[in-house]
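Residue numbers start from 1 in every chain, and the chains themselves are labelled A, B, ... in the order their sequence lines are given, proteins ahead of strands.
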2 protein chains.
Amino acid sequence: MNSLEEVEDFVRNGHRHYLPHLSIDPVIFGYHDQQLKILLLNWKGLNGWGLPGGFIQRREPLSQAAHRILQERTGLENVFLQQFHTFGDSPYRLQERNPREFFEKYGVDMGEDNWLFERTLSVGYFALVDYSKVNVRTDFFTQNYQWCDVKEIPSLLFDHNEAVDKALATLRLQIYHQPIGYKLLPEKFTLPEIHTLYETILGKELDPRNFAKKLVALGLIKKLAEQRAIGPHRSPYLYQFEKETYEDALKQGIVHTY
Amino acid sequence: MNSLEEVEDFVRNGHRHYLPHLSIDPVIFGYHDQQLKILLLNWKGLNGWGLPGGFIQRREPLSQAAHRILQERTGLENVFLQQFHTFGDSPYRLQERNPREFFEKYGVDMGEDNWLFERTLSVGYFALVDYSKVNVRTDFFTQNYQWCDVKEIPSLLFDHNEAVDKALATLRLQIYHQPIGYKLLPEKFTLPEIHTLYETILGKELDPRNFAKKLVALGLIKKLAEQRAIGPHRSPYLYQFEKETYEDALKQGIVHTY
DNA sequence: ACTTAATAGCGTAAATTTTACGGAATAAAG
DNA sequence: CTTTATTCCGTAAAATTTACGCTATTAAGT
């Protein structure tokens, strides 16, 4: 949504194309520089940082809407995306932050009972993406973005902080049941990388020796011949997931501690 | 909703009181006779078995709506209720089963574009209740009910079978993180009772000796002096949850196998 | 009153997993 | 060629899980 015509049509007629009272605001996780990060957008009209988001078309299946929104924002297709909670306990989400002034500045009149003022529940999805493949696309409403370390999330719009917290908690709970490492890491990665990732998600230290030993013993990852040269010390070997063993293991749930 | 006036008002004006396109259909679990059961209602107008359900009032927080609906259907308050998924991938839920005939029989005209025909997403909650305390309340739309063993669920309305399956899967995943036994069992219970409950939920056999040993060793349950006389054999002792230890353990997640 | 059938539930030991760390190997900077 | 930083192999003790033998208790049947 970039031209003023599109925006005006969205404000005036959006309620005919989209389901009212509902939005999808995905928490997009990426991993870079040994940090777990989420994608935040700066919403101009609302004047603050928040999750990327979008509405559900009237005849569009819910999960398809989530994929479309993600595609529109990041260019990614076939992404791992999982619904984790529907937020509807803060009943008056948009009324707190009246964007009327913003639209008027551009000559768009919202009218009295514009659909964008109504109560909105948000279906929360989280996405696990390969950080290096994301191409954030901004639009009329969102001209800045940042990848923000989950340890330093600022105060966000609406109930988005609650959504981020819940997404993280879900990630933690499902770490042994979903392909979390597989989706967040690039194809080839080092032991320290996967080790730090799991420590970050679980929020606790894991003995690096035992951690690596377990992953290899279970046949979840395999060592490659290549090494990666980084820094003034021994070069780490590269590893790769054993896709089949890994997926089988997740079905059972990896009960062990890694 | 029992009188014809109420029903007529609901059909005609419900869209003013409730959020359109959304419903809540709780999966209510109870445990009786060594069987895990869910509550099903026979929906007259739709002519089939389905979950109890209801709509969200326009200014009502989502979780409060879930509790209200549960209260209206079963008389229970302060019930353990957990959201587990929002269903919106079958876009045309009600259009498959047109209840127009049913209402016309009672002289209620639905009109052409009645709100009840529109696409409806369903926010799925599951409840864990003490079977013995439930008082099912039927109404104009629902005159029969049954507690149905989860192993024998018939074909249900809309996507309710999917909802039941997903609720069960969630129960299984969360068995070591939520007070599942605590909420489903009566205050005092026997070892065989809790043992069968866990076997049913997990869908696999657990060695009864090790199972009991573990629960007692972790301090989750304690043996009472009383026994219960049942059947032509040794009477089992009664046990009770150690509420505090139990809740602490759940926060960590009981990693062990029981 | 004694036998039998049907469960309840204690106890022990072997197998497996987890935890804790010592220390060698490697790479680049000075 | 020494120092510093980091990778990651290996071993052993501790803890947990698994497997299963065996006794205890109750009521029904004879």
TODO: With sequence neighbours left out, write down each residue that passes ring pair (Phe, Tyr, Trp, His ring centres under 6.0 Å) with B/His195, or none if nothing qualifies.
DONE: B/Phe211
- [ ] Using distance alone, with no hydrogens and no angle criterion, decide if A/Asp248 and A/Thr245 have a side-chain donor and acceptor under 3.5 Å apart.
- [x] no
Task: Whole-Å gap separating P (D/dT16) and CG (B/Leu218) - done: 9 Å
Open item on the list: Tell me every residue that passes side chain to side chain contact (heavy atoms under 4.5 Å, CB included) with B/Ala167, counting only those two or more places apart in sequence or in another chain.
Closed with: B/Val27, B/Phe29, B/Phe84, B/Phe126
Open item on the list: Without decimals, in angstroms, what is the distance between A/Leu215 CG and C/dT17 P?
Closed with: 15 Å
- [ ] Take nucleotides 22-30 of chain D nucleotide by nucleotide from the 5' end and write B, S or -, depending on whether a protein heavy atom sits under 4.0 Å from the base, only from the sugar-phosphate, or from neither.
- [x] --BBBS---
Open item on the list: Which residues pass the side chain to side chain contact (heavy atoms under 4.5 Å, CB included) test with B/Pro179, not counting sequence neighbours?
Closed with: B/Phe80, B/Tyr182, B/Lys183, B/Tyr246, B/Leu250
Between side-chain atoms of residues 233-244 of chain A and protein atoms elsewhere (two or more places apart, or another chain), which donor-acceptor pairs fall under 3.5 Å?
from	atom 1	to	atom 2	distance (Å)
A/His233	NE2	A/Ile230	O	3.4
A/Gln240	NE2	A/Glu187	OE2	3.3

- [ ] Output the residues of residues 185-193 of chain A in contact with DNA chain D, where contact means a heavy atom of the residue under 4.0 Å from an atom of the strand; sort by number or write none.
- [x] A/Leu191, A/Pro192
Task: Pair B/Glu199-B/Lys204, salt bridge (charged side-chain N to carboxylate O under 4.0 Å, His left out): steps then yes or no - done: CA-CA 5 Å; B/Glu199 284 194 334; B/Lys204 68 176 182 193; over 6 Å; no
Task: Rounded distance in Å - CG (A/Asp207) to C1' (D/dA14) - done: 15 Å
List, one per line, each side-chain donor-acceptor pair under 3.5 Å for residues 144-156 of chain A, sequence neighbours excluded.
from	atom 1	to	atom 2	distance (Å)
A/Asp149	OD1	A/Lys151	N	2.8
A/Asp149	OD2	A/Gln35	NE2	3.1

TODO: In whole angstrom, give the distance that lies between atom CZ of A/Phe211 and atom P of C/dT17.
DONE: 18 Å
TODO: Whole angstrom is fine here: how far is it from CG in B/Leu224 over to C1' in C/dA8?
DONE: 16 Å
Task: B/His195 NE2 - C/dA8 C1' separation (whole Å) - done: 12 Å
List, with names and distances, any nitrogen or oxygen atoms from the protein found under 3.5 Å away from nitrogen or oxygen atoms belonging to nucleotides 2-4 of chain C.
none

TODO: Just jot down the side-chain hydrogen bond (donor to acceptor under 3.5 Å, both in side chains) partners of B/Arg209, sequence neighbours excluded, or say none.
DONE: B/Asp207
Task: Ion pair check, B/Glu72 and B/Arg137, cut-off under 4.0 Å - done: no
Open item on the list: Measuring from atom CD of B/Gln34 to atom CG of B/Leu197, what distance do you get when rounded to the nearest 0.5 angstrom?
Closed with: 9.5 Å
Open item on the list: In whole Å, I'd like the distance from the OH atom of B/Tyr239 to the C1' atom of C/dG9.
Closed with: 7 Å
Sub-3.5 Å pairs of nitrogen or oxygen atoms, protein against nucleotides 12-16 of chain C:
from	atom 1	to	atom 2	distance (Å)
C/dT12	O4	B/Lys213	NZ	2.9

Task: pair A/Leu36-A/Tyr131: side-chain heavy atoms closer than 4.5 Å - done: no
TODO: For A/Arg228, enumerate each residue passing the salt bridge (charged side-chain N to carboxylate O under 4.0 Å, His left out) test, keeping only those at least two apart in sequence or located in another chain.
DONE: A/Glu193
TODO: Please identify each residue that fulfils salt bridge (charged side-chain N to carboxylate O under 4.0 Å, His left out) with B/Glu247, with sequence neighbours left out.
DONE: none
Open item on the list: For A/Lys166, is the NZ atom crowded, meaning more than 12 foreign heavy atoms sit under 6.0 Å from it?
Closed with: no
Task: Between C1' of D/dA19 and CD of B/Glu205, the distance in whole Å - done: 14 Å
Open item on the list: For a quick test of reading the model: is some side-chain N or O of B/Lys223 closer than 4.0 Å to OP1 or OP2 of C/dC10?
Closed with: yes
